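What you see below is based on every heavy atom in this structure, not just the backbone, and it leaves out hydrogens, waters and symmetry mates. Everything numeric in this text was worked out from a predicted model, so none of it was measured.
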Amino acid sequence: MENKKRDFFLTRVFKRLFIGNKKELTVFEEEALQSPFKMVLKNFWANKLSRFGLLVFLVIFLIVMIGPYVWPVDLGFQDNTQLNVPPGFNMMKVPKELKENVEKIYPGNTFGVGVDQDGKVYVWGHTKISSEIDLKNIPEDVLNNKIVDIAVGSDHITALDESGKLHTWGSTRLKQDRYPRELKERMDAGEKIRFKSLAAGIQFTVGVVEDGTLYVWGNTNLNDIKISRDYKDTKFQKATANINNFLALTEDGAAVYIGRQKNALSRIPEGLDKDVVDIASTSFTNAAIKSDGSVVIWGNAMRGERRIPEHEGKIIKIYGGRNHYTALTDQNELISWGDGRYNQNKAPNVGDDKVVDIFVGNYQNYALTESGEMKTWGLKGFLFGTDEYGRDIFKRIINGGKVTMTVGAVAVLISLVIGVVLGGLAGYFGGWTDIIIMRIAEVVGGLPFLPFALILSAIIGTRISPEQRMYLIMIVLGVLSWPGLCRLVRAQIFAQREMEFVTAAQAMGLKESSIVFKHIIPNVISVILVSATLSFATSMLTESTLSYLGFGISPPKPTWGNMLKGANDSIVIQQYWWRWVFTSLIFSICTICINLIGDGLRDAIDPKSNER
């Protein structure tokens with residue numbers, strides 16, 4: 001009973017929206033006056049499965065058409081720190097036990113490492129470096145000792161225990177755990193090593209011990225980390241890591257570049273040879289705070305790293321992420337600037353709650369206040385994960401859906417115009433007109449579409465841009481897919497042209513073109529609509545097939561087809577399921593819904609469906 005009431009209510013709403021607010025008729029009046037179009041709508045809406053398909057398709061359609069304006073995709077964007085990240089928002093999900101007793105937090109690329117006041121280590125987020133290496137597998141020596149300091153690199157973690165010994169886990173194949181000989185001798189001698197500063201970059205670690213000695217170890221082939229002879233006897237107080245090098249602060253307050261290469265980072269601006277109180281680094285820039293609170297930034301600032309926002313007071317501490325900085329002023333104001341792709345440059349307002357410590361990673365920011373509250377901002381994770389280039393799959397599905405649907409819709413529109421016009425002419429005039437048009441349709445219909453499209457794509461190759469290739473696919477799909485609709489329209493017009501209304505129109509002297517396209521075609525529009533609906537799904541599948549085979553729209557422009565092509569690998573299928581599951585799922589749902597709509601329309605056009 002409840003279902004009947006609901007169906008009655010939905011039918012009334014549907015009538016009001018699509019048919020109009022007219023006077024309610026009796027059953028007999030309605031049957032007598034109801035137009036074929038109204039009859040089709042009524043029969044379609046009574047089909048629950050088709051109605052469900054329509055609603056789901058409309059939701060998907062609106063999302064992929066409006067979504068690109070909300071979540072635009074940067075075709076040139078890649079991020080090697082976010083490769084193959086699984087779905088989820090756990091990158092800044094600090095364990096509850098650590099929140100209540102936190103001492104330090106060390107953010108990584110896609111994970112975080114924390115140490116509580118008892119020296120216990122916690123790891124959270126996406127911690128898998130490879131199929132065999134997982135940073136969550138903390139060594140027993142680390143679990144059984146009290147940890148006092150940690151450095152987090154791109155693929156490794158180095159921890160210092162209370163006895164002064166270092167422990168490294170994660171990827172160690174490039175000397176990440178091969179400590180300098182002098183430092184190792186000091187640890188083996190039982191000296192209680194303590195670091196004033198400990199940082200890590202890509203496959204290397206740099207630290208400054210309490211006596212001011214600077215040590216660096218790791219991959220010396222990729223990174224410019226060999227200490228220049230000019231600084232062999234210099235005492236330091238801090239070191240910060242870039243991607244492939246590092247910046248150091250001497251005890252005399254000078255910012256110095258320790259490496260041997262000449263680059264944008266090694267050219268230290270004038271005035272930084274004294275009075276520097278703090279330093280920080282992003283991937284391609286360095287920053288230094290002078291004693292008067294002024295901040296000097298140099299290097300390749302490509303993401304707005306030099307655009308320091310207005311703030312109250314002077315900056316007293318500064319921290320660097322991948323392409324952004326976070327700082328604290330003497331007025332207890334948090335400020336962040338630079339790259340804001342993941343909102344990592346939007347620092348929260350802490351009010352009067354004094355900031356005790358700040359922890360900054362590539363895209364994650366943590367601020368611990370005096371009240372014990374943990375403020376976080378930046379990248380928490382990805383809804384559908386990322387692909388092999390670190391691109392957000394959710395954004396690419398939405399933008400790729402728009403391309404796929406646009407190609408399908410335009411191709412159907414082209415085939416619709418050609419098929420209706422030629423089918424109408426062939427069906428109405430018959431004779432030689434019918435013979436010529438049908439022979440052309442047979443030639444076009446006899447072309448093997450996929451081989452033809454593959455050959456055409458191979459001939460054209462890279463001579464055209466991805467945008468032009470998209471237009472080419474639309475035209476080719478439309479021009480080669482009209483014969484079926486042409487035959488359908490021709491057969492319908494054969495039946496319609498002998499009816500009385502056509503004879504009456506001819507007797508009134510109407511033009512033949514007007515009779516065909518204004519009187520006959522509207523009476524077969526329902527059949528055309530069904531064919532166009534089913535062809536829409538077919539065109540989408542064809543475009544995706546071409547892209548999947550590598551002959552359609554090529555990356556980086558996303559389509560559902562070339563996204564699935566990128567997942568055509570046994571390793572991806574087994575280990576990175578999110579790269580193909582979400583795309584194939586949304587594509588399957590979309591095409592199934594379109595077919596349900598087409599089947600519903602086909603059943604609604606059949607008069608016998610009223611008896612069911």
Might you point out which heavy atoms bring [X] and [Y] nearest each other, and give the distance in Å?
X: A347; Y: S336; answer: CB-OG, 3.6 Å
X: K557; Y: M470; answer: CE-SD, 4.0 Å
X: K375; Y: P348; answer: CB-CG, 4.1 Å
X: N245; Y: I225; answer: CA-CG2, 4.5 Å
X: E305; Y: I297; answer: O-CD1, 3.0 Å

Any [X] side-chain heavy atom under 4.5 Å of [Y] side chain:
X: L198; Y: T205; answer: yes
X: K165; Y: D141; answer: no
X: P180; Y: V216; answer: no
X: K104; Y: D357; answer: yes
X: R341; Y: N323; answer: no
X: V121; Y: V113; answer: yes
X: W217; Y: R178; answer: no
X: N244; Y: D224; answer: no

Can you check whether [Y]'s main-chain N or O pairs, donor with acceptor, with [X]'s side chain at less than 3.5 Å?
X: W124; Y: M91; result: yes
X: W578; Y: T386; result: yes
X: N399; Y: P72; result: no
X: D275; Y: S291; result: no
X: W337; Y: H324; result: no
X: T282; Y: G321; result: no
X: N219; Y: Q203; result: no
X: N562; Y: T559; result: yes
X: Q82; Y: N109; result: yes
X: N343; Y: K346; result: no

When rounded to the nearest 0.5 angstrom, what is the spacing between [atom1] in [X] and [atom2] in [Y]?
X: D177; Y: T158; atom1: CG; atom2: OG1; result: 8.0 Å
X: T127; Y: N137; atom1: OG1; atom2: CG; result: 7.5 Å
X: K314; Y: D330; atom1: NZ; atom2: CG; result: 6.5 Å
X: M374; Y: F359; atom1: CE; atom2: CZ; result: 6.0 Å
X: L334; Y: L328; atom1: CG; atom2: CG; result: 6.0 Å
X: I586; Y: I60; atom1: CD1; atom2: CD1; result: 4.0 Å

Over 60° means perpendicular and under 30° means parallel, so tell me whether [X] and [Y] are parallel, tilted or perpendicular.
X: F204; Y: F246; answer: tilted
X: F582; Y: W577; answer: tilted
X: F587; Y: W560; answer: tilted

Check step by step if salt bridge (Lys or Arg N to Asp or Glu O under 4.0 Å) holds for D116 and K120. CA-CA 6 Å; D116 64 16; K120 184 179 178 182; over 6 Å; no
Show your working on side chain to side chain contact (heavy atoms under 4.5 Å, CB included) between E312 and T329 and close with a plain yes or no. CA-CA 7 Å; E312 296 180 1; T329 71; 5.7 Å; no
Between H167 and N145, do the side chains contain a donor N or O and an acceptor N or O under 3.5 Å apart? no
Is it true that the side chains of D252 and T250 contain a donor and an acceptor less than 3.5 Å apart? no
Decide salt bridge (Lys or Arg N to Asp or Glu O under 4.0 Å) for E191 and R186; before the verdict, give the C-alpha distance in whole Å, the side-chain angles of both, and the deciding distance to 0.1 Å. CA-CA 6 Å; E191 183 178 344; R186 293 174 67 175; 2.7 Å; yes
Could you walk me through whether Y231 and Y257 pass ring-ring contact (aromatic ring centres under 6.0 Å, His included), step by step? CA-CA 10 Å; Y231 302 104; Y257 182 86; 9.2 Å; no
Examine Y215 together with F236 and report whether their ring centres are nearer than 6.0 Å. no
